[in-house]
Undergrad: 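Dropping a structure here in C-alpha cells format, bear with me for questions.
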Amino acid sequence: MEYVSRVPRPPLAGLIDDLYYLEGAPPYPRLALPPMPSALLVLNLGAPFHIRAGAGAEPTDYADGCVVTMPTRALEFGYPPTTRSVGVHFKPWGLAPFLPMPAAELCDLPVTVEQVWGRARAAELRERLAAAAGPDVMLTLLEDELMRRLRETTGLGLVRHTSSVIAATTGAVPIGDLSVSAGVSSTHLAQRFKELVGVTPKRLARTYRFAATVLAIDPAGPVNWVDLAARAGYFDQAHFGHEFRTFTGLTPTRYVDVRRRFLREHPGHALDVGPLPAD
C-alpha cells in the first residue's frame, strides 16, 4: 500500500497535522479506528467504502468521501479490495474553518463531502485530483483548495490556545484551570469547544490522555499495565480499563492482542499506527 504524507504550509499548518495520499489493498477488509484527537476529511477516488459509527449501527456507504469531526467512539471503516483516496488529518480544532455547521452537529455522525461542500464543488475537486499526475500534485491541489476555503472563525483563537494547553499536558491539566487562564466562563469555553471541536474540553483531555497511553504501548514487547496506567494519570486499574473499553470496545489486554496480530500479519505496514483489524 502506498502512503504519501506531508505537512501543509502556514497558515494551514496550524490547523492540519498532515495531508496524505493512500492507494492499494487494505491490510484487512474492515478496520476499527479508536478515537484520537483529530478530525478527518477523505476525498475518495476509488470504489465506495463504508463506515459503521458505533456498535449495532448499520454501515453507510461513502462514494465521494467523508468528513469526520473528532469522534468519541471507535469508527469501523470497510474497504473495497483496492482503495484510493486523498485526505486531511486535522488538529481537533482545525476542521472548523471549513465547516458550514457547528462541529457538534457531526459528532460521531460522519457525513459525505457533498453534504459539507456541495455536490458540484466536491465533484469538481475529485475530478481534478483523479486527473492529477501523481500524489505530490494531488496534495498540492488539495492544499490550494483548502487555502481558498479557509475562513475566519469566531472563537478559534481561544479554542486553539486552550486545546494546545491540553495537548501539551496530554490531558492532565485541571479543566477548571483552563477557563480561568483564558478569562472566560467554563460554560462559554465548553460552548466554543462544542461549536469548533465537537466535544467539551474535558472530553478532549480524555482523548489526548488515551492517545498518549496507546502510543506508549510497544506491542512487540511486554506491557507493564500498572506502570503504564500510573504514568498516564489514571487513578486506578478499574478507571484505566473503563477508558480502554469506552474508546476501543476492548479490554487493554485484548487491545494489545489485536495490535500484535496486525504487527505479526503486516509488519511495517503504513496503517499500523492506530487502526485495528475489525474482523
Side-chain angles (χ1 to χ4, degrees), residues 1-27 31 33 36-51 60-71 75 77-101 103 106 110-153 156 160 196-198 269-271 273-275:
M1 175 168 274
E2 182 179 11
Y3 185 85
V4 179
S5 170
R6 78 174 186 221
V7 177
R9 64 186 185 272
L12 293 178
L15 303 169
I16 291 170
D17 287 323
D18 75 311
L19 312 173
Y20 71 87
Y21 170 81
L22 179 69
E23 181 177 12
L31 285 170
L33 277 65
M36 288 288 159
S38 177
L40 178 67
L41 166 70
V42 178
L43 289 150
N44 188 39
L45 306 177
F49 57 86
H50 70 255
I51 302 175
T60 300
D61 286 340
Y62 292 80
D64 71 343
C66 67
V67 176
V68 181
T69 58
M70 208 196 82
L75 298 174
F77 278 68
Y79 292 97
T82 300
T83 189
R84 185 171 186 248
S85 62
V86 177
V88 186
H89 292 119
F90 289 93
K91 300 179 187 297
W93 60 87
L95 185 57
F98 307 96
L99 289 178
M101 72 282 285
L106 306 184
V111 294
T112 65
V113 178
E114 174 186 319
Q115 288 172 281
V116 173
W117 284 352
R119 177 177 299 179
R121 295 296 297 274
E124 188 269 339
L125 176 58
R126 290 173 62 236
E127 288 174 4
R128 286 193 290 125
L129 290 169
D136 288 337
V137 178
M138 288 181 173
L139 297 184
T140 298
L141 286 172
L142 179 56
E143 185 173 352
D144 291 344
E145 180 69 19
L146 292 168
M147 286 293 295
R148 284 192 292 271
R149 289 182 175 274
L150 183 61
R151 61 179 177 82
E152 292 290 329
T153 305
L156 185 62
R160 176 177 174 177
L196 304 185
V197 178
H269 197 281
L271 295 184
V273 290

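Source: prediction; values computed, not measured.
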Undergrad: Distance from R160 atom CZ to L196 atom CG, nearest 0.5 Å?
TA: 12.5 Å
Undergrad: Do you know which two heavy atoms are closest between A13 and P8, and how far apart they sit?
TA: CB-O, 3.4 Å
Undergrad: Nearest 0.5 Å, please: how far is CG in L139 from CG in L129?
TA: 9.0 Å
Undergrad: Check whether any side-chain heavy atom of L19 lies under 4.5 Å from a side-chain heavy atom of L12, and answer yes or no.
TA: no
Undergrad: How far apart are the C-alpha atoms of L156 and L15, what are their side-chain angles, what is the distance that settles it, and do they pass the side chain to side chain contact (heavy atoms under 4.5 Å, CB included) test?
TA: CA-CA 10 Å; L156 185 62; L15 303 169; 4.0 Å; yes
Undergrad: I'd like to know if R148 and E145 make a salt bridge, using a cut-off of under 4.0 Å between side-chain N and carboxylate O.
TA: yes
Undergrad: What's the verdict on side chain to side chain contact (heavy atoms under 4.5 Å, CB included) for V113 and L125, showing C-alpha distance, side-chain angles and the deciding distance?
TA: CA-CA 11 Å; V113 178; L125 176 58; over 6 Å; no
Undergrad: Kindly give the heavy-atom pair with the smallest separation between T153 and R151, and that separation in Å.
TA: OG1-O, 3.3 Å
Undergrad: Would you say R119 has more than 12 foreign heavy atoms packed within less than 6.0 Å of its CZ?
TA: no
Undergrad: Could you check T140 against R6 for side chain to side chain contact (heavy atoms under 4.5 Å, CB included), going step by step and ending with a plain yes or no?
TA: CA-CA 10 Å; T140 298; R6 78 174 186 221; 2.8 Å; yes
Undergrad: Looking at every heavy atom in both A63 and N44, which two are closest together, and how far apart are they?
TA: O-ND2, 2.9 Å
Undergrad: Does the side chain of R149 reach to within under 4.5 Å of the side chain of P97, using non-hydrogen atoms?
TA: no
Undergrad: When rounded to the nearest 0.5 angstrom, what distance separates OG in S85 from CG in L41?
TA: 10.0 Å
Undergrad: What distance separates E114 CD from R121 CZ, expressed to the nearest 0.5 Å?
TA: 13.5 Å
Undergrad: Would you say R84's side chain and Y21's backbone share a donor-acceptor pair under 3.5 angstrom?
TA: no
Undergrad: If you take all heavy atoms of L40 and F77, which pair is closest and at what distance?
TA: CD2-CZ, 4.1 Å
Undergrad: Show the nearest heavy-atom pair for residues P81 and P26, with the distance to one decimal.
TA: O-CD, 3.3 Å
Undergrad: Would you confirm whether R126, through its side chain, and L43, through its main-chain N or O, come within 3.5 Å as a donor-acceptor pair?
TA: no
Undergrad: Test your reading of the model: is there a side-chain donor-acceptor pair from D61 to the backbone of H50, 3.5 Å cut-off?
TA: no
Undergrad: Rounded to the nearest 0.5 Å, how far does CG of D17 lie from OG of S38?
TA: 5.5 Å
Undergrad: Are any of the side-chain heavy atoms of M1 and T83 separated by less than 4.5 Å?
TA: yes
Undergrad: To check you understand the geometry: which heavy-atom pair defines the closest contact between M36 and P71, and what is its length?
TA: O-CD, 4.2 Å
Undergrad: Does the plane of the ring in F49 sit parallel, tilted or perpendicular to the ring in Y62? Use 30° and 60° as the thresholds.
TA: parallel
Undergrad: Does a side-chain heavy-atom distance below 4.5 Å link L141 with V86?
TA: no
Undergrad: For the atom pair CZ (R9) and CD (E143), what is the distance rounded to the nearest 0.5 Å?
TA: 4.0 Å
Undergrad: In terms of the angle between their ring planes, are H89 and Y20 parallel, tilted or perpendicular, with boundaries placed at 30° and 60°?
TA: parallel
Undergrad: Give the C-alpha distance, both sets of side-chain angles, the deciding distance and a yes or no for side chain to side chain contact (heavy atoms under 4.5 Å, CB included) between L106 and L99.
TA: CA-CA 10 Å; L106 306 184; L99 289 178; 4.1 Å; yes
